[in-house]
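Side chains are part of it too, since the values below use all heavy atoms of this structure and drop only hydrogens, waters and symmetry mates.
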Amino acid sequence: MKEFYMQLALNEAWKYQFLTYPNPAVGCVILDKNEKILAIKAHEKAGLAHAELNAISYAFKKLKPEISLPKEANALHDFICKNHQNMFKGAIAFVTLEPCSHQGKTPPCAKLFSELGFKKIFISVKDENDIAKGGGDFLRKHGIEVEFGILEKEGKDLLKPFLKWQKGQFKLFKLAISMSGSPLGKIVSNELSRTYAHKIRSVIDLLVVGGETIRIDKPTLDARLCQGKAPDLCILSRNKLESFDQNIPLFKIPNRNIYTEIPEKAKFIMYEGGENFLKNFKNEMDLFLIFQSSILNNKKNVTIPLNLKPLYKNFLGSDTYGIYESE
């Protein structure tokens, strides 16, 4: 059963993959002392509560709906520590990454488990980060059972983007296709899919597009569907920037940097384009994010040979989407 609960935590974390940049995607499941599920939550955005605190606060609210909880992570942590009334004594947690033992922008999650009297923590992957590691040792010192390595391979798959952008550049190719496999058309995926893509745009360091996309689609390439910050752009083209029609909306975004080469400082880079762009850059990509609508059309399909292995697949309304790596 421990693999079942860890898979629930992994699935929840994948829903927020990329959106937690520069933090890792992490999921947490909380069971009460009778092994009933109280919460399945994830870390959703850097600076906000970690997965463990999110799950515990959700469970707290479920058990004490009349109590109003603070929103800010440090205040929330302190409030729960002072007002838990032993409601979590004997509880069990499943976490995809070893709980942190240090105070960063948010409080240490290992300390929270200890304060609340958790009985056992199951962990998928040990944290090797010099600052954050050591949560497992902390928990054991405080009398909590700890077991590592539950669905470890799947846990490591979840961490791939984080480990890559920590060490250098992480490159993601985003592609939207119809059910019949065509990327052609100004709007291919539904609004939920486009909103998820906009959320990713709002956190990345750089969005890379080709000159052909700009000339044909005349896009804005912002993050308006999530009211987020428009990304800086790199336009890869044989033509100079001045040759593009400067009335195209993407050039009107205030405080946007536009490059013709990828700057070294960019750690999380997303490529957006069609078949030619994919053909030119597929071998450089770390992962692929592919949206597929439920609409059949008669436009030309993608014909590039590319063997992809899915790390995660899900639905966004009538669309399906997957996060893939090249085999």
Side-chain angles (χ1 to χ4, degrees), residues 17-18 170-201 204 206-226 230-231 233-241 243-251 258-262 269-327:
Q17 184 64 279
F18 313 128
F170 169 72
K171 295 181 177 180
L172 174 70
F173 197 102
K174 177 234 149 188
L175 179 70
I177 56 174
S178 69
M179 196 175 187
S180 42
S182 172
L184 301 174
K186 189 155 186 176
I187 295 177
V188 178
S189 52
N190 68 22
E191 189 163 337
L192 286 172
S193 295
R194 298 199 307 279
T195 301
Y196 176 43
H198 280 215
K199 284 178 180 176
I200 299 172
R201 282 181 184 175
I204 59 176
L206 192 69
L207 180 64
V208 181
V209 292
E212 188 181 4
T213 295
I214 291 166
R215 278 187 291 274
I216 294 169
D217 293 344
K218 297 182 169 45
T220 308
L221 298 175
D222 62 3
R224 64 190 176 280
L225 291 178
C226 67
L233 288 184
C234 177
I235 299 171
L236 299 179
S237 174
R238 285 188 286 269
N239 299 322
K240 292 186 177 179
L241 273 183
S243 69
F244 290 96
D245 177 0
Q246 298 301 303
N247 289 315
I248 292 173
L250 71 86
F251 292 109
I258 300 181
Y259 304 93
T260 53
E261 290 182 357
I262 294 171
I269 304 165
M270 183 160 74
Y271 288 61
E272 288 191 28
E275 182 164 9
N276 287 340
F277 214 53
L278 180 61
K279 185 179 176 183
N280 289 334
F281 297 105
K282 61 184 172 69
N283 295 331
E284 294 180 29
M285 295 301 114
D286 296 298
L287 292 179
F288 299 81
L289 171 63
I290 301 176
F291 299 96
Q292 188 169 23
S293 78
S294 55
I295 296 167
L296 291 163
N297 62 22
N298 59 359
K299 294 182 168 72
K300 184 177 177 291
N301 291 355
V302 176
T303 56
I304 300 166
L306 189 59
N307 290 334
L308 297 175
K309 181 177 86 175
L311 299 179
Y312 176 73
K313 294 186 85 170
N314 205 347
F315 290 90
L316 283 164
S318 58
D319 287 0
T320 57
Y321 77 102
I323 297 167
Y324 303 83
E325 64 182 355
S326 184
E327 285 196 305

Problem set entry | For D217, all residues meeting salt bridge (charged side-chain N to carboxylate O under 4.0 Å, His left out), sequence neighbours excluded | none
Exercise. Under a 4.5 Å cut-off applied to non-hydrogen side-chain atoms, are I248 and P219 in contact?
Worked result: yes
For this session: Please tell me if the side chains of F277 and V208 come closer than 4.5 Å, counting only heavy atoms from C-beta onward.
Result: yes
Exercise. Which pair of non-hydrogen atoms, one from P249 and one from T220, has the smallest distance, and what is that distance?
Worked result: CB-OG1, 3.3 Å
For this session: Identify the heavy atoms of L192 and G317 that sit nearest to each other, and give their distance.
Result: CD1-N, 3.4 Å
Exercise. Taking only residues two or more places apart in sequence or in another chain, which ones pass side-chain hydrogen bond (donor to acceptor under 3.5 Å, both in side chains) with Y321?
Worked result: none
Problem set entry | Expected output: side-chain N301 to main-chain S180 donor-acceptor under 3.5 Å | yes
Exercise. If you measure from CG on L172 to CD1 on I200, what distance do you get to the nearest 0.5 Å?
Worked result: 6.0 Å
Problem set entry | Qualifying residues under side chain to side chain contact (heavy atoms under 4.5 Å, CB included), relative to N276, sequence neighbours excluded | E212
Problem set entry | Nearest heavy atoms of Y259 and L206, plus distance in Å | CD1-CD1, 3.8 Å
Problem set entry | Inter-residue atom distance L278.CG - M285.CE, 0.5 Å rounding | 8.5 Å
For this session: With sequence neighbours left out, write down each residue that passes side chain to side chain contact (heavy atoms under 4.5 Å, CB included) with E325, or none if nothing qualifies.
Result: K160, L287, K309, L311
Exercise. Any salt bridge (charged side-chain N to carboxylate O under 4.0 Å, His left out) pairs touching residues 175-184, not counting sequence neighbours?
Worked result: none
For this session: Give a yes or no on whether N307 atom CG has more than 12 heavy-atom contacts from other residues, nucleotides or ligands under 6.0 Å away.
Result: no
Exercise. Which heavy-atom pair separates N297 from S182 by the least distance, and what is that distance?
Worked result: OD1-CB, 3.6 Å
Seminar exercise, completed: Rounded to the nearest 0.5 angstrom, the NE2-CZ distance for H198 and R224 is 5.0 Å
Exercise. Of all residues at least two apart in sequence or in a different chain, which pass the side chain to side chain contact (heavy atoms under 4.5 Å, CB included) check with P310?
Worked result: K313, Y324
Problem set entry | Separation between CZ of F291 and CD1 of I177, rounded to the nearest 0.5 Å | 11.5 Å
Exercise. More than 12 heavy atoms of other residues, nucleotides or ligands under 6.0 Å from CD of E261: is that the case?
Worked result: no
Seminar exercise, completed: To the nearest 0.5 Å, atom CZ of R238 lies from atom CG of L236 at 11.5 Å
Exercise. If every non-hydrogen atom of D245 is compared with every non-hydrogen atom of N247, which pair is closest and at what distance?
Worked result: OD1-N, 2.9 Å
Seminar exercise, completed: Applying salt bridge (charged side-chain N to carboxylate O under 4.0 Å, His left out) to K199 and not counting sequence neighbours gives none
For this session: Could you list the residues that satisfy ring pair (Phe, Tyr, Trp, His ring centres under 6.0 Å) with F288, not counting sequence neighbours?
Result: none
Exercise. Side chains of K282 and I304: does their closest heavy-atom pair fall under 4.5 Å?
Worked result: yes
Seminar exercise, completed: The reported gap from CG in L289 to CD in Q17 (rounded to nearest 0.5 angstrom) is 10.0 Å
Exercise. Does R215 have any salt bridge (charged side-chain N to carboxylate O under 4.0 Å, His left out) partners at least two apart in sequence or in another chain, and if so, which?
Worked result: none
Exercise. For T213, which residues count as a side-chain hydrogen bond (donor to acceptor under 3.5 Å, both in side chains) partner, sequence neighbours excluded?
Worked result: none
Problem set entry | S293: side chain to side chain contact (heavy atoms under 4.5 Å, CB included) partners, not counting sequence neighbours | S178, I295, D319
For this session: Just say parallel, tilted or perpendicular for the rings of F173 and Y271, cut-offs at 30° and 60°.
Result: parallel
For this session: From the options T260, I258, L221, select the one residue that forms a side-chain contact (heavy atoms from CB on, under 4.5 Å) with I235.
Result: I258
For this session: Output every pair passing salt bridge (charged side-chain N to carboxylate O under 4.0 Å, His left out) with a member in residues 283-303, not counting sequence neighbours, ordered by first then second residue.
Result: K164-D286, K171-E284, E275-K300
Seminar exercise, completed: Minimal heavy-atom distance between S193 and S189, with the atoms involved, is CB-CB, 3.7 Å
